[in-house]
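Step one of this worksheet: look at the structure below.
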Number of protein chains: 2
Amino acid sequence: MSDESVNLKTLSERLGLSQTTVSRALNGFPEVSEQTRRRVIEAADRFNYRPSSSASSLATGKARTVGHVVPLAEHHMINPHFADFIAGAGETYSTHGYDMLIRVVPRADEERVYRELATQKRVDGVVVHGPLGRDPRIPLLQSLQLPFVVHGRSDYADNEYSWLDVNNRSAFRRATEFLIDLGHERIALINGLETMNFAKRRRKGYEAGLTSRGIEPEQRYIFSQDMVEPYGYEVTCRLMESAAPPTAVLVSSILPAMGVVRALAERGIRPGTDVSIIAFDDCLSFLHASDSERPKDVPYFTAIRSSIRLAGRRAAQMLLQQIEQPGATRSELWEADLVIGQTTGPKSQAASQ
Amino acid sequence: MSDESVNLKTLSERLGLSQTTVSRALNGFPEVSEQTRRRVIEAADRFNYRPSSSASSLATGKARTVGHVVPLAEHHMINPHFADFIAGAGETYSTHGYDMLIRVVPRADEERVYRELATQKRVDGVVVHGPLGRDPRIPLLQSLQLPFVVHGRSDYADNEYSWLDVNNRSAFRRATEFLIDLGHERIALINGLETMNFAKRRRKGYEAGLTSRGIEPEQRYIFSQDMVEPYGYEVTCRLMESAAPPTAVLVSSILPAMGVVRALAERGIRPGTDVSIIAFDDCLSFLHASDSERPKDVPYFTAIRSSIRLAGRRAAQMLLQQIEQPGATRSELWEADLVIGQTTGPKSQAASQ
DNA sequence: TAAGGTATCCAAAGCGCTTTGGAAACAGAA
DNA sequence: TTCTGTTTCCAAAGCGCTTTGGATACCTTA
């Protein structure tokens with residue numbers, strides 16, 4: 001079928017054409033007749049020709065690759081939400097002929113890695129994950145002139161950059177008010193680490209919800225940690241042993257929420273009946289039924305929902321757009337949906353005493 | 001500090017040396033004096049010089065990149081275990097100066113993508129995820145001469161290739177026998193999709209365990225689906241409503257196992273006391289406490305445990321080794337640990353009637 | 001002193017592609 | 001017929017690196 005390696009040179013020789021013409025025919029330039037173009041394309045896939053990516057990116061200066069630098073947390077936890085975001089972004093890249101480059105590095109090496117990616121021209125742009133309060137990566141990338149999109153936001157009032165975020169504040173405020181309207185007053189917040197910007201905004205929303213209904217936020221109901229299952233479990237155990245256990249909890253992710261459910265189950269406390277739970281649901285694929293065709297019945301968790309996979313898709317689109325026509329920074333703020341499931345209900349009589 | 005773009009040419013001009021010498025100094029060749037080498041290295045990082053990756057891979061023919069092709073299932077589920085595997089592999093790549101390239105593509109495009117990666121010389125090797133019974137990717141990659149390591153195994157008796165796998169059969173056999181020795185007889189298997197090779201081996205192990213103790217496997221206790229949380233929930237609901245509900249369940253992943261717990265909790269059935277559960281635990285980071293320093297107390301799930309993150313690390317090492325000295329295929333079969341937690345116990349009297 | 005080794009360095013030829021600046025061929029217009 | 005404009009193609013110069021095949025200087029040794 002095909003020989004060793006067909007490159008532009010051998011292909012053009014076989015066709016009796018110059019490399020220029022073949023290259024132009026394949027890349028859709030107008031200065032080649034339709035007839036030869038067809039001939040070239042036909043030969044190209046008969047000989048299974050694919051341009052060497054390193055050669056073309058050397059020649060063009062474009063890598064047709066975007067980078068994702070994922071910091072390795074101290075305890076080597078990798079954010080579980082990451083997989084779905086990556087899946088979404090990856091779909092977009094694939095359909096646009098881009099590749100995804102991932103570097104897993106310790107926090108301390110991040111800056112070096114971004115510098116490397118930029119000066120090596122390894123990637124045409126990057127997606128920034130998990131922005132901090134005033135994230136140093138943002139000015140860094142700006143100074144490196146590397147296009148980027150932030151998934152989330154950082155607190156730079158004066159600084160224009162592209163981001164895609166969920167309105168965490170309003171989502172948590174609405175959820176809190178929803179619980180209060182059900183009669184709940186002692187509402188716990190099981191939040192993520194507040195070094196993450198989104199966690200801070202979520203607490204703000206929660207507090208705004210409480211104070212809007214005349215309830216004073218209390219420190220003993222607020223928790224902040226890595227969003228893993230055992231965290232939800234342990235916090236709930238402690239809360240339920242405490243003097244005035246909450247009648248509702250607001251949880252920053254489905255993962256700790258499952259821990260909450262487990263802790264309650266051990267104590268015979270029924271979610272939705274005895275204690276209400278609202279979780280932030282990133283629509284992680286492994287927590288949802290895989291046959292998406294089936295008509296949805298009432299979901300288990302009452303949740304504030306926003307698909308992280310769609311976010312990945314959209315963030316990737318925004319980045320590609322920015323790469324292809326530089327300069328235009330654009331941002332999007334998504335509202336999350338409040339979806340009523342089985343884990344919320346009016347404050348129970350038992351708990352109210 | 002530094003000008004526009006420093007490349008080999010400008011750097012060597014500033015140093016008053018040839019490109020050859022500078023290149024050799026930086027790449028540790030012996031034919032350059034230690035003195036000039038130091039001078040070159042010092043200048044290189046003063047000017048923030050980094051060789052263009054496309055140029056060097058064009059010149060050397062090596063991409064210093066490994067590929068992971070992740071197939072997009074029909075229902076767009078991305079395997080949750082994937083994130084931790086990738087994290088492990090990514091660490092290894094980073095410390096060895098390799099990059100990780102990920103392509104998320106529909107199943108139907110996989111072959112084309114592998115061909116592309118190989119003929120473009122985009123990557124030096126690939127990791128194959130989730131091998132099927134007789135996975136066509138294996139002969140394909142062999143014919144493409146692209147180094148690869150399979151995470152898992154495929155059923156090619158005659159065919160030598162590198163793989164890294166957990167001994168799923170023995171793990172599930174041991175777990176089954178453990179349950180039988182606790183007095184259980186009606187043991188359900190909540191398995192993954194049997195198109196995946198590992199799921200088949202797990203069922204074999206389960207059946208071997210049963211028959212070794214004189215129990216006939218029964219179809220009604222065996223389930224096979226995508227390993228998501230709702231799957232465990234629904235199957236358990238059905239099982240518990242059935243005429244002869246199992247007194248123990250063996251679950252192929254922690255994710256459906258959480259669904260099992262949820263279904264039991266709803267019915268007031270206590271795991272470990274009324275019904276025993278053993279789950280296969282890939283040590284997913286988001287299900288474990290993030291402070292790994294803390295002395296472990298008894299884990300919640302009794303589990304057959306094997307860290308998928310370590311597997312990722314090891315698979316990456318094996319691949320890099322194979323890339324750097326081609327030809328040597330090597331394989332490893334890991335035994336999983338049976339870790340006793342709180343979800344197993346002797347068959348309860350209530351259930352035995 | 002000359003011959004032979006060795007330690008340093010360099011010019012130039014690729015790697016496989018894109019793209020600039022024509023050239024050739026052919027058409028229609030003067 | 002000659003001139004201008006189009007269409008279609010090409011030769012050659014990069015892109016930034018590695019690497020081959022010397023060259024040059026500096027020591028040894030006979």
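Chain letters run A, B, ... following the sequence lines, proteins first and then strands; every chain starts at 1.
Bending across the helix from C:dT1-D:dA30 to C:dA30-D:dT1, expressed as the angle between its end axes from five pairs apiece, amounts to 60° (10° rounding).
Not a single salt bridge (charged side-chain N to carboxylate O under 4.0 Å, His left out) links A:Glu160 to another residue, sequence neighbours left out.
Between B:Asp165 and B:Arg153, at least one side-chain N (NZ, or NE/NH1/NH2) sits under 4.0 Å from a carboxylate O, which counts as a salt bridge. Checked for salt-bridge contact, A:Arg46 and A:Glu42 meet the test: a charged N lies under 4.0 Å from a carboxylate O. Looking at A:Arg103 and B:Asp99, a side-chain N of the basic residue comes within less than 4.0 Å of a carboxylate O on the acidic one, giving a salt bridge. Between A:Arg309 and A:Asp84 there is a salt bridge, with a side-chain nitrogen of the basic residue lying less than 4.0 Å from a carboxylate oxygen of the acidic one.
When DNA chain C is scanned 5' to 3' for any atom under 4.0 Å from a heavy atom of chain A, the first and last hits are C:dG16 to C:dG21.
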>> side-chain contact (heavy atoms from CB on, under 4.5 Å) for B:Val127 and B:Phe148? Distances and angles first, verdict last.
In response: CA-CA 6 Å; B:Val127 171; B:Phe148 67 98; over 6 Å; no

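Across the interface with DNA chain C, nearest-nucleotide mapping of B:Thr20 and B:Ala59 shows B:Thr20 to be the residue nearer the 5′ end.
With no hydrogens or angles considered, a side-chain donor-acceptor pair links B:Gln322 and B:Ser162 at under 3.5 Å. For B:Arg122 and A:Thr65, the side-chain atoms include at least one donor-acceptor pair closer than 3.5 Å.
Residue pairs meeting the ring-ring contact (aromatic ring centres under 6.0 Å, His included) criterion with at least one member in residues 112-132 of chain B, sequence neighbours excluded, are B:His68-B:His129, B:Phe82-B:His129, B:Phe85-B:His129.
For DNA chain D, the neighbouring residues in residues 24-39 of chain B, judged by any heavy atom under 4.0 Å, are B:Arg24, B:Asn27, B:Phe29.
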Only pairs under 3.5 Å count here: list side-chain donor-acceptor contacts from residues 19-31 of chain B, not counting sequence neighbours, and write none if there are none.
from, atom 1, to, atom 2, distance (Å)
B:Thr21, OG1, B:Ser18, OG, 3.1
B:Asn27, ND2, B:Ser23, O, 3.2

